[in-house]
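For reference, the structure discussed in these notes is given below.
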Number of protein chains: 2
Amino acid sequence: MDRFLSNGVNRIDAKGRVSVPAHFRAVLQKRGYQELYALRTLDMPAMDVGGLDLLDRYEERIGLEDPFLQTADDMSFFAHGDGAFLKLDGEGRITMTDFIREHTGIETQVAFVGRGRFFQMWEPDRFAAYREQVRARLLNLRRAATGTTPGGVPE
Amino acid sequence: MDRFLSNGVNRIDAKGRVSVPAHFRAVLQKRGYQELYALRTLDMPAMDVGGLDLLDRYEERIGLEDPFLQTADDMSFFAHGDGAFLKLDGEGRITMTDFIREHTGIETQVAFVGRGRFFQMWEPDRFAAYREQVRARLLNLRRAATGTTPGGVPE
DNA sequence: TGGGAGAACATGGGCGTCAATGGGATTAGC
DNA sequence: GCTAATCCCATTGACGCCCATGTTCTCCCA
């Protein structure tokens with residue numbers, strides 16, 4: 001498996017370290033990444049985390065814009081200025097910096113959430129609340145649509 | 001990694017010196033720059049700082065303009081006349097001159113902001129305010145577009 | 001089927017190194 | 001001779017690296 005799936009909560013130790021779930025580390029290793037790129041998610045109190053390919057994708061996107069217009073500058077400001085590299089220690093842990101804590105509200109625990117090509121880090125309570133919001137939205141969509149299948153199984 | 005990434009705040013000491021973040025210094029060294037070139041960012045209260053390639057980039061931009069028009073002359077004046085060389089001391093610090101302070105409003109602390117190929121220096125409060133503006137603009141872009149993916153990740 | 005050995009993983013802590021910062025001394029410039 | 005810039009050294013705190021502990025899961029065997 002080469003995608004980030006499932007989620008789990010790990011504890012932050014006295015030195016501010018937290019283990020990246022072994023499964024996520026395995027994915028990173030399979031893709032050959034030693035370093036992690038973390039970005040403050042635009043519209044959620046979470047961090048988007050992935051290998052360097054995540055940064056590459058942003059930079060490719062920025063490259064499509066006129067480099068002297070504001071949009072390109074904004075995108076660079078966001079991807080570079082609001083992003084950071086995270087180093088894994090020998091045990092596969094990363095340290096929760098203020099840079100991460102301020103944006104996410106993370107204090108003592110971290111919820112790791114697989115998102116396919118990348119994963120996210122959340123404060124567990126906020127994640128639970130957000131998950132419920134998402135479920136509610138999806139449920140409304142389902143109800144609004146015609147031809148739904150009872151039992152929640154799509155055709 | 002050879003890109004300027006992430007942001008952090010360092011303090012200015014009684015002599016007007018401030019440490020350039022070690023990560024940024026490592027990038028500079030990897031790129032082989034002994035000297036730093038800083039210029040006043042055109043539309044922000046910040047300094048753009050990088051190696052000599054920063055100057056190249058501006059000159060490339062100037063090259064796109066008609067040399068008979070005033071715009072090219074203005075840009076040239078700006079890039080060459082509103083820039084300064086910064087020297088790193090033995091500990092990797094630079095001195096905050098009035099040239100920098102006047103344009104940025106920097107007084108006691110400096111926010112270093114990675115921008116990929118270069119980095120910026122901001123007064124920390126102004127940086128925080130500008131960052132929120134950028135995030136708001138990007139959020140509007142996202143909402144205006146169709147087929148967006150939550151989480152700020154382009155497909 | 002229950003238990004036990006072992007492996008994998010999360011977690012905790014010691015210690016050395018390096019970065020950020022502060023201050024004194026020395027040199028250059030006016 | 002005074003100010004300011006530069007160099008050198010000291011301190012402190014954070015971080016990286018290494019090893020130890022504990023817990024859970026798996027697999028194997030009785």
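A note on names: the letters A, B, ... follow the listed sequences, proteins ahead of strands, and every chain is numbered from 1. As the structure is a computational prediction, the values presented were derived from the model and not from experiment.
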query = Using the benzene-type ring in the case of Trp, are the ring centres of F85(B) and Y37(B) under 6.0 Å apart?
reply = yes
key: Length of the line joining H23(B):NE2 and dA20(C):C1', which is rounded to integer Å   = 17 Å
ask   = How are the rings of F24(B) and F112(B) set to each other: parallel, tilted or perpendicular (split at 30° and 60°)?
value = perpendicular
query = Can a salt bridge be assigned to the pair E123(A) and R101(A) using a cut-off of 4.0 Å between side-chain N and carboxylate O?
reply = no
inquiry  = Nearest whole Å is fine: how far is dA20(C) P from Q109(B) CD?
reply    = 14 Å
task = State whether R11(B) places a side-chain N or O below 4.0 Å from either non-bridging phosphate oxygen (OP1 or OP2) of dA19(C).
result = no
key: Touch class at under 4.0 angstrom, heavy-atom based, for V20(B) against every strand present   = sugar-phosphate
key: salt bridge (Lys or Arg N to Asp or Glu O under 4.0 Å) partners of R115(B), counting only residues at least two apart   = D73(A)
request  = Give, ordered by number, those residues of residues 86-101 of chain B having at least one heavy-atom distance below 4.0 Å to an atom of DNA chain D; if nothing qualifies, reply none.
outcome  = K87(B), E91(B), R93(B)
query = Side-chain heavy atoms under 4.5 angstrom apart, residues restricted to Ile, Leu, Val, Met, Phe, Trp, Tyr: same cluster for V9(A) and V20(A)?
reply = no
remark   = In short, H103(A) meets M44(A) closest at the heavy-atom pair NE2-O, 3.0 Å
List, with names and distances, any nitrogen or oxygen atoms from the protein found under 3.5 Å away from nitrogen or oxygen atoms belonging to nucleotides 14-17 of chain C.
{"unit_1": "dG14(C)", "atom_1": "O6", "unit_2": "K15(A)", "atom_2": "NZ", "d": "2.0"}

key: Single-linkage hydrophobic cluster Y130(A)~L141(A), side-chain heavy atoms < 4.5 angstrom   = yes
ask   = Looking at the side chain of N10(B), which of dT11(C), dT21(C), dG22(C) is the nearest nucleotide?
value = dT21(C)
inquiry  = Looking only at side-chain N and O atoms, does S19(B) offer a donor or acceptor that is under 3.5 Å from a partner on N10(B)?
reply    = no
note = Note: for A14(A) and V18(B) on DNA chain C, the residue whose nearest nucleotide lies more 5' is A14(A)
